[in-house]
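Any value given below was found using the heavy atoms of this structure, including those in side chains, with hydrogens, waters and symmetry copies removed. Atoms within a ligand are numbered from 1 in the order they appear, just like the ligands themselves.
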Amino acid sequence: MPDVKLQEFETFESDSPENTELIAGEFAKQLRPSDFIALNGPLGAGKTKFTSGIIRFFCGDTIAASPTYSIMNHYRCGGINIDHFDFYRLKNVYDLESCGFFDSLEGGSLTIAEWTDTVKIDYGKYAAGNYYSINIGIIGSKKNKEKRNIKIEKIL
Ligand SMILES: Nc1ncnc2c1ncn2[C@@H]1O[C@H](COP(=O)(O)OP(=O)(O)OP(=O)(O)O)[C@@H](O)[C@H]1O
Ligand SMILES: [Mg+2]
């Protein structure tokens, strides 16, 4: 019987915000326009920091600002469009529609969204390119409060 591969995942441990950005920068090397990255994990886990690492890879010394209030931040660097969303304050698929999320996926942008767990739809159905689901866990101890567990899953 052939080996049926349902998903691939890798986990990394980060011990500082800078380290999280470096891990994201390494991860970014495989990204292409039309890929979609979903980022989840508790408040302050480092979802925006991780995004910063991706943006820095494509855009040089640009720091990603959190789109919690703006809902979407747009970047255009090296010929590619990057849309960074935050669904924290959204409620349903209509909100996703009106903030331009589906337009971003269909328009060939590299799309990154924090808090996709707040609107439960089958994201894989809409991603034109590769779909990566990333979960960041806070695993800080007394010795190092900055420890994070970063699980990167490629949804096949
Ligand atoms: N290992 C780490 N990786 C990332 N951030 C860390 C780490 N250790 C500490 N931090 C700090 O945690 C905070 C993470 O903030 P960030 O805005 O990236 O989180 P977030 O997951 O996007 O939060 P939110 O849910 O509010 O959007 C920053 O202040 C950062 O300095
Ligand atoms: Mg954030």
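Among all non-hydrogen protein atoms, the one lying nearest atom 19 (O) of ligand 1 is Gly46 N, 3.1 Å. In terms of protein heavy-atom proximity, atom 13 (C) of ligand 1 is closest to Gly44 O, 3.7 Å. For atom 11 (C) of ligand 1, the closest non-hydrogen atom of the protein is Arg148 NH2, 4.0 Å. Scanning all protein heavy atoms for the shortest distance to atom 1 (N) of ligand 1 gives Glu146 O, 2.6 Å. Protein heavy atom closest to atom 30 (C) of ligand 1, with residue, atom name and distance, is Pro17 CG, 3.9 Å. Of the protein's non-hydrogen atoms, the one nearest atom 26 (O) of ligand 1 is Leu43 CD2, 3.5 Å.
Scanning all heavy atoms of the two residues, the minimum distance from Ala65 to Asn73 falls at O-ND2, 3.0 Å. Nearest heavy atom pair, residue Asn19 against residue Glu13, reads OD1-O, 3.8 Å. Nearest approach of Gly41 to Lys47, heavy atoms of both residues: O-NZ, 2.9 Å. The nearest pair of heavy atoms linking Phe36 to Ala127 is CB-CB, 3.9 Å.
Of the possible donor and acceptor atoms, one in the side chain of Asp95 sits under 3.5 Å from a partner among the backbone N and O of Lys91. A donor-acceptor pair under 3.5 Å is formed between the side chain of Asn40 and the backbone N or O of Asp117. Between the Tyr126 side chain and the Leu105 main chain, no donor and acceptor come within less than 3.5 Å of each other. Counting only distance, with no hydrogens or angles, the side chain of Thr11 and the backbone of Lys151 share no donor-acceptor pair below 3.5 Å. The backbone N or O of Trp115 lies less than 3.5 Å from no partner atom in the side chain of Asp86, so there is not a single donor-acceptor pair.
Only the backbone of Ser16 comes within contact range of ligand 1, with a heavy atom under 4.0 Å; no side-chain atom does. When non-hydrogen atoms are compared, ligand 1 lies under 4.0 Å from the side chain of Trp115 (C-beta onward) but not from its backbone.
Within the 4.0 Å heavy-atom shell around ligand 1 one does not find Ser66. Contact annotation: Gly41 has no heavy atom less than 4.0 Å from any atom of ligand 1. In this structure, Asn19 does not count as a contact residue of ligand 1, since none of its heavy atoms falls inside 4.0 Å of the ligand. Heavy atoms of Phe50 stay at 4.0 angstrom or farther from ligand 1.
For a threshold of 3.5 Å applied to N or O pairs, the pair formed by Glu114 and ligand 1 contains at least one separation below that value. Taking distance alone, with nitrogen or oxygen atoms compared against 3.5 Å, Lys47 approaches ligand 1 more closely than that limit. Backbone and side-chain nitrogen or oxygen atoms of Thr48 are examined, and one is located within less than 3.5 angstrom of a nitrogen or oxygen of ligand 1. The shortest N or O to N or O distance between Ser14 and ligand 1 is below 3.5 Å.
Inspection of the environment of the Mg ion (ligand 2) yields the following protein N, O or S atoms under 2.8 Å: Thr48 OG1, Glu114 OE1.
Atom CD of Glu10 has 12 or fewer heavy atoms from other residues, nucleotides or ligands within 6.0 Å. Counting non-hydrogen atoms of other residues, nucleotides and ligands closer than 6.0 Å to CD1 of Ile121 gives a total above 12.
Put simply, atom 28 (C) of ligand 1 has no protein non-hydrogen atoms near it, under 4.0 Å away. Under the 4.0 Å distance rule, the nearest protein heavy atom to atom 3 (N) of ligand 1 falls inside the cut-off.
Phe12 has its ring centre no less than 6.0 Å from the ring centre of Phe27.
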Note to self: Walk me through whether Ile138 and Arg148 qualify under side-chain contact (heavy atoms from CB on, under 4.5 Å).
What the structure shows: CA-CA 5 Å; Ile138 301 178; Arg148 303 290 191 267; 3.8 Å; yes

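Transitive grouping of hydrophobic side chains (ILVMFWY, heavy atoms separated by less than 4.5 Å) brings Ile82 and Ile152 into a common cluster.
Relative ring orientation between Phe85 and Phe101 is described as perpendicular, the plane-to-plane angle rising above 60° on a 0-90° scale split at 30° and 60°.
Atom 5 (N) of ligand 1 has its nearest heavy-atom neighbour, among Lys49, Glu18, Glu13, in Lys49.
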